[in-house]
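These notes are about the structure you will find just below.
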Amino acid sequence: MTVPRFYLTTAIDYANGDPHLGHALEKIGADVIARYKRAAGCDVHFMIGMDEHGQKVAQTAAAQGADPQAFTDEIAERFLATWAKLGISHDQFIRTTTPHHKAGVQALIRRIAERNPDDFYEQSYRGLYCVGCEAFKQPNDIEDGRCTLHPTRVLEEVEERNWFFRLSRYADFLRAHITANPGFVQPSSRRNEILGLLDQGLEDVSASRARLSWAVPFPLPLSTGETQGTYVWFDALPNYLTGTGFPDGDWETRWPAQLHVIGKDITRFHVVIWPAMLQAAGLPLPEQVWAHGFVQLGGERFSKSAGVKLDLHEAIDRFGADAFRYVLLREVPFDGDGNFSWERFEERYTADLANALGNLASRAVAMVEKYRDSVVPSVSVPAEEADDHEDIAAYHAALDGARGWLLHEGLSAVSRQVARANEYTAAMAPWQLAKDPNAAASLDVVLASLIRRLARISVQLAPYMPVRCADLWRTIGGPGDVHDVGVAQLAALDAGGWRVQKGAPLFPRPESTPATPAP
RNA sequence: GGCAGGGUAGCUCAGCUGGUAAGAGCGCACGACUCAUAAUCGUGAGGUCGAGGGUUCGAGCCCCUCCCCUGCUACCA
């Protein structure tokens with residue numbers, strides 16, 4: 001039996017500042033997918049990383065008096081520390097300033113030039129150049145003939161000779177591919193936007209730029225002999241490919257990727273430019289690009305300036321990384337936008353984790369200890385559990401990718417199981433059964449059922465809350481590591497004979513209502 | 001401006017091709033219980049389904065007009 005391969009990536013983050021809530025949502029979501037796929041028996045390779053070239057990075061580094069490489073080294077460390085704190089289980093962290101990536105980018109460009117010599121051509125690019133920004137400005141950035149960021153300066157009309165990529169040639173191919181493969185771009189709202197974009201026709205894009213000092217040298221010199229820097233598309237996007245080792249070694253065993261998880265704002269680059277590049281190079285396309293939505297902060301649109309308004313580490317520290325992961329994915333539908341606020345964070349944490357789940361575990365374990373000397377009875381399964389299996393099916397349907405990656409729906413399905421277990425407890429009143437010697441058999445069934453439900457819940461929640469679910473699994477006496485329990489085993493799980501051991505509360509209630517910082 | 005999606009209880013949203021008296025979760029009020037993290041369970045309050053008109057035996061769901069919101073409309077990433 002062959003193990004299905006599952007290579008998934010997130011967008012690589014731009015090394016121009018510290019990680020914020022928006023970065024975190026994407027990594028957490030992708031991490032849940034990676035962990036679920038591992039539990040589903042796939043051979044998962046999960047890659048994240050950093051996009052480290054470009055004028056902005058060079059400028060920011062210069063502003064701090066730092067060498068750009070040293071600067072990005074520092075940023076990368078900070079991102080890595082954040083991902084470690086959040087429990088991101090990436091298998092690889094790619095950086096675009098590494099020698100292998102740079103060589104891979106050049107190899108890809110040469111490959112395209114060899115296979116489709118007409119796809120790269122030299123052309124003059126003329127535009128309004130802002131000296132302050134050190135960049136060409138588009139009409140949207142210009143007001144009264146001035147750059148909106150540097151209104152005191154006069155825009156210069158500058159002309160330079162660049163390499164261009166003949167993207168326009170691939171419009172029909174892309175439309176056909178997207179039409180024939182509905183799963184290629186998801187959710188469907190993004191797919192529709194791209195189809196609309198294709199209907200407008202495609203323009204060719206720059207592949208190299210002058211004045212781009214902090215960049216991968218474009219491997220083809222201009223006719224003037226000048227060597228330019230590789231422009232962003234041809235540097236950043238290929239990371240998904242160079243991460244496999246391309247062009248060396250056994251990269252073909254991992255490429256194409258099964259899934260690129262990205263933010264909805266960069267959909268176009270991932271489903272238009274990237275596939276066109278791959279097609280030009282004669283390489284297979286990734287199977288799916290999933291564009292998630294954004295987190296708003298206190299009802300405000302999340303932006304770079306708003307990013308500093310929420311200290312990511314403070315949010316993680318408040319209730320722990322697992323709780324943060326849970327609340328974020330519960331509040332923000334992974335196929336759309338959602339809102340984050342301290343109020344909701346607290347409400348969700350208290351209602352879902354402390355009261356519903358944490359207390360369920362606490363009361364069930366306490367009763368097994370008290371009434372059955374900590375050993376879970378081995379008895380038959382009551383009919384009341386039948387409904388759980390519908391929810392388990394819904395859980396899989398939310399996470400197996402067939403309908404997209406509806407992480408929030410997976411959590412809803414588990415929440416229903418938690419609620420049902422609490423209802424069952426109230427209906428059976430095991431504390432009453434314990435008083436009646438003739439009800440011992442009934443009590444056995446109830447207690448075994450509760451621990452069995454908790455076992456299923458901890459397996460299902462493990463991708464979302466890897467640490468707390470391992471704790472829960474240990475508390476109910478589950479054998480081995482919860483992360484080694486395949487989701488296929490859910491239906492057959494049985495806790496008979498397990499020895500429970502009550503520990504500290506999984507999700508302690510907040511001690512006091514925290515102040516509400518202004519967003 | 002063009003294209004697309006949306007406006008349903010305080011909040012976040014379900015409502016399939018129109019048809020039993022409009023739903024869920026959270027929050028709120030009251031009651032029950034005591035195994036448990038003062039948790040849990042039950043009951044209840046609360047909605048002119050954006051506005052107006054139309055089609056139909058019947059519309060939150062269809063049609064028209066209008067108001068409002070969001071996304072996309074390509075070289076920052």
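Lettering of chains follows the sequences in order, A, B, ..., and the numbering in each one begins at 1.
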Carboxylate-amine/guanidinium proximity below 4.0 Å for [X] and [Y]:
X	Y	result
Arg420(A)	Asp391(A)	yes
Arg403(A)	Glu409(A)	yes
Lys502(A)	Glu369(A)	no

Evaluate the ring planes of His260(A) and His270(A), with Trp represented by its six-membered ring, and classify them as parallel (under 30°), tilted (30 to 60°) or perpendicular (over 60°).
perpendicular
Should the ring pair Phe345(A) and Phe340(A) be called parallel, tilted or perpendicular, given that the plane angle runs from 0 to 90° and is split at 30 and 60?
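Tilted.
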Give the B/S/- string for nucleotides 26-35 of chain B, one per nucleotide from 5' to 3', where a protein heavy atom under 4.0 Å of the base yields B, of only the sugar-phosphate yields S, and otherwise -.
S------SSB
Establish, with yes or no, whether the OP1 or OP2 oxygen of U37(B) is under 4.0 angstrom from a side-chain nitrogen or oxygen of Lys502(A).
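So the side chain of Lys502(A) is within the cut-off, an N or O lying under 4.0 Å from OP1 or OP2 of U37(B).
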Comparing His53(A) with Thr350(A), nearest RNA chain B nucleotide closer to 5' gives the residue Thr350(A)
For Gly196(A) and Pro508(A), find the nucleotide of RNA chain B closest to each by heavy atoms; which residue's nucleotide sits nearer the 5' end?
Gly196(A)
Symbol by symbol from the 5' end, with Watson-Crick or G-U pairs under 3.5 Å, [ ] crossing and | another strand, RNA chain B is (((((((..((((.....[...)))).(((((.......))))).....(((((..]....))))))))))))....
Measuring only the C1' atom in each nucleotide, how far is U65(B) from G23(B)? A whole number of Å is fine.
31 Å
Could you tell me how far A9(B) sits from C26(B) if I compare only their C1' atoms? Round to whole Å.
12 Å
Atom [atom1] of [X] and atom [atom2] of [N]: how far apart are they, to the nearest Å?
X	N	atom1	atom2	result
Leu237(A)	A77(B)	CG	P	11 Å
Arg191(A)	G5(B)	CZ	C1'	16 Å
Leu433(A)	A36(B)	CG	P	15 Å

Which of these nucleotides, C41(B), C72(B), A77(B), is closest to any side-chain atom of Asn422(A)?
C41(B)
Per Leu167(A) side chain, nearest of listed nucleotides U37(B), A77(B), A74(B):
A74(B)
With a 6.0 Å cut-off (strictly less than), is the heavy-atom count around CD of Glu226(A), excluding the residue itself, greater than 12?
yes
Under the side chain to side chain donor-acceptor pair (under 3.5 Å) rule, collect the residues that match up with Asn422(A), sequence neighbours excluded.
Arg363(A)
Could you tell me if the ring centre of Phe269(A) sits under 6.0 Å from that of Trp233(A)?
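Ring-ring flag for Phe269(A)/Trp233(A): true, centres closer than 6.0 Å.
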Ignoring hydrogens, what is the shortest heavy-atom contact between Ala434(A) and Tyr371(A)? Give both atom names and the distance.
CB-CE2, 3.5 Å
